[in-house]
> 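Take this structure first; my questions come after.
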Amino acid sequence: MLILASASPRRQELLKLITEDFKIVPADIDESVDKSLPLESVPEHLAYQKAAFVSAQYPDDIVIGCDTGVFVGNRMLGKPHGDMAAFEMLRLLSGRVHRVITGCAIYKGNKKLTFSDVTEVEFYPLSNEEIKAYIITGEPADKAGAYGIQGKGSLLIKGIRGDYFNVVGLPVAKLSRALKDIQAE
């Protein structure tokens with residue numbers, strides 16, 4: 001059985017592009033990380049922790065753990081805690097290019113495979129009014145970086161370089177190939 005260690009409805013929908021046959025078992029882990037860990041490796045580290053947690057409960061199954069981070073300058077933007085935090089994040093992203101990194105980990109018994117995928121996203125310059133109007137939609141509340149490319153957040157984006165689905169939260173093509181590799185071993 002294939003298990004997705006995530007409660008994210010977006011990841012669940014994207015995994016259906018690979019297979020309809022999977023189970024959801026969210027990983028209940030502490031997502032705090034050692035500050036000495038390089039910032040851009042945090043998503044892969046957390047994906048590994050999530051997959052390990054669920055794999056311990058289901059050692060005979062294939063478990064996928066994922067985590068997505070939004071990186072601008074030397075900062076990692078998580079999910080905003082309130083409208084003011086969302087406003088500050090979107091103001092920071094306005095008119096700039098940032099990176100979205102999704103880390104993935106696959107466990108199958110003693111086999112472990114981890115990888116990250118990086119997509120660059122460029123925002124249009126945004127006025128305060130545009131940011132406030134987007135925040136009112138409610139979309140920013142549960143998304144890293146305070147935006148969702150698959151919804152009204154798409155209106156903020158000038159362009160991307162890389163995998164669109166990675167920005168949504170699951171690098172589908174890369175994950176599909178990794179699953180084939182781990183099943184072939």
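Here the structure is a predicted model, which is why all the values come from computation and not from measurement.
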> Hydrophobic clusters here meaning ILVMFWY residues chained together by side-chain heavy-atom distances under 4.5 Å, can you tell me if Leu179 and Ile24 are in one?
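Same hydrophobic cluster.
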> Return the CG to SG distance between Leu4 and Cys66, rounded to the nearest 0.5 Å.
6.0 Å
> Where is the tightest heavy-atom contact between Glu44 and Ser116, given as atom of each residue plus distance?
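Looks like OE1-OG, 2.6 Å.
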> What about Phe53 and Val63, same hydrophobic cluster or not, with Ile/Leu/Val/Met/Phe/Trp/Tyr joined at side-chain heavy-atom distances under 4.5 Å?
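Shared cluster, yes.
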> Restricting to non-hydrogen atoms, name the atom on Pro140 and the atom on Ala146 that form the minimum distance, rounded to 0.1 Å.
CB-O, 3.1 Å
> Identify the heavy atoms of Pro59 and Ala56 that sit nearest to each other, and give their distance.
CD-O, 4.0 Å
> Check Asp142 with Arg10, please: is the shortest side-chain N to carboxylate O separation under 4.0 Å?
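Salt bridge between Arg10 and Asp142, a charged N being under 4.0 Å from a carboxylate O: yes.
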> Mind running side-chain hydrogen bond (donor to acceptor under 3.5 Å, both in side chains) on Asp34 and Ser36 for me, showing each step along the way?
CA-CA 5 Å; Asp34 185 339; Ser36 68; 3.0 Å; yes
> List the atom pairs, with distances to 0.1 Å, where a side-chain N or O of residues 89-96 and a protein N or O form a donor-acceptor pair under 3.5 Å, not counting sequence neighbours.
residue, atom, partner, partner atom, Å
Arg91, NE, Asn128, OD1, 3.3
Arg91, NH1, Leu126, O, 3.4
Arg91, NH2, Leu126, O, 2.6
Arg91, NH2, Asn128, OD1, 3.0
Ser94, OG, Leu126, N, 2.6

> Test: salt bridge (charged side-chain N to carboxylate O under 4.0 Å, His left out). Region: residues 57-83. Which pairs qualify, not counting sequence neighbours?
Lys50-Asp67
> Do Tyr48 and Val25 share a hydrophobic cluster, counting only Ile, Leu, Val, Met, Phe, Trp and Tyr and linking them when any side-chain heavy atoms are less than 4.5 Å apart?
yes
> Without placing hydrogens or testing angles, list every side-chain donor-acceptor pair under 3.5 Å for residues 156-166, not counting sequence neighbours.
residue, atom, partner, partner atom, Å
Arg161, NE, Glu120, OE1, 3.1
Arg161, NH2, Glu120, OE1, 2.9
Asp163, OD1, Phe165, N, 2.8
Asn166, OD1, Thr102, OG1, 3.0
Asn166, ND2, Val100, O, 3.2
Asn166, ND2, Asp117, O, 3.1
Asn166, ND2, Thr119, OG1, 3.1

> If you look at every heavy atom in Phe22 and Gln12, which pair is closest and at what distance?
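It is CZ-O, 3.4 Å.
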> Can we say Lys16 and Glu13 salt-bridge, meaning some charged N sits less than 4.0 Å from an Asp/Glu carboxylate O?
yes
> Do Ile101 and Met76 sit in the same hydrophobic cluster, where Ile, Leu, Val, Met, Phe, Trp and Tyr count as joined when their side-chain heavy atoms come under 4.5 Å apart?
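Yes, Ile101 and Met76 fall within the same hydrophobic cluster.
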> For the pair Glu139 (side chain) and Lys152 (backbone), establish whether a donor and an acceptor sit closer than 3.5 Å, ignoring hydrogens and angles.
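Yes; at least one donor-acceptor contact below 3.5 Å.
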> Side chains of Asp21 and Thr19: do they bring a donor and an acceptor to under 3.5 Å?
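Asp21 vs Thr19: no donor-acceptor pair found between side chains.
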> Using the ring pair (Phe, Tyr, Trp, His ring centres under 6.0 Å) rule, pick out the option among Tyr124, Phe123, Phe87 that qualifies with Tyr147.
Phe123
> Between Tyr58 and Met1, does a side chain to side chain contact (heavy atoms under 4.5 Å, CB included) hold up when you go through it step by step?
CA-CA 9 Å; Tyr58 298 90; Met1 171 63 69; over 6 Å; no
> Does Leu15 belong to the same Ile/Leu/Val/Met/Phe/Trp/Tyr cluster as Val167, with side-chain heavy atoms less than 4.5 Å apart forming each link?
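Yes, same cluster.
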> Find the distance between CE (Met84) and CD1 (Ile135) and round it off to the nearest 0.5 Å.
8.5 Å
> Give, for atom CG of Leu46 and atom CG of Asp30, the distance between the pair rounded to the nearest 0.5 Å.
9.5 Å
> Leu175 and Leu170: which non-hydrogen atoms are nearest, and at how many Å?
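Nearest heavy atoms, Leu175 then Leu170: CD2-CD1, 3.7 Å.
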> Give, for atom NZ of Lys143 and atom OG1 of Thr68, the distance between the pair rounded to the nearest 0.5 Å.
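If I round to the nearest 0.5 Å, the distance is 12.5 Å.
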> What is the distance from atom NZ of Lys111 to atom CD1 of Ile62, rounded to the nearest 0.5 Å?
8.5 Å
> Looking only at heavy atoms, which two atoms of Gly103 and Pro43 are closest? And how far apart?
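Taking Gly103 first and Pro43 second, the nearest heavy atoms are N-CB, 3.6 Å.
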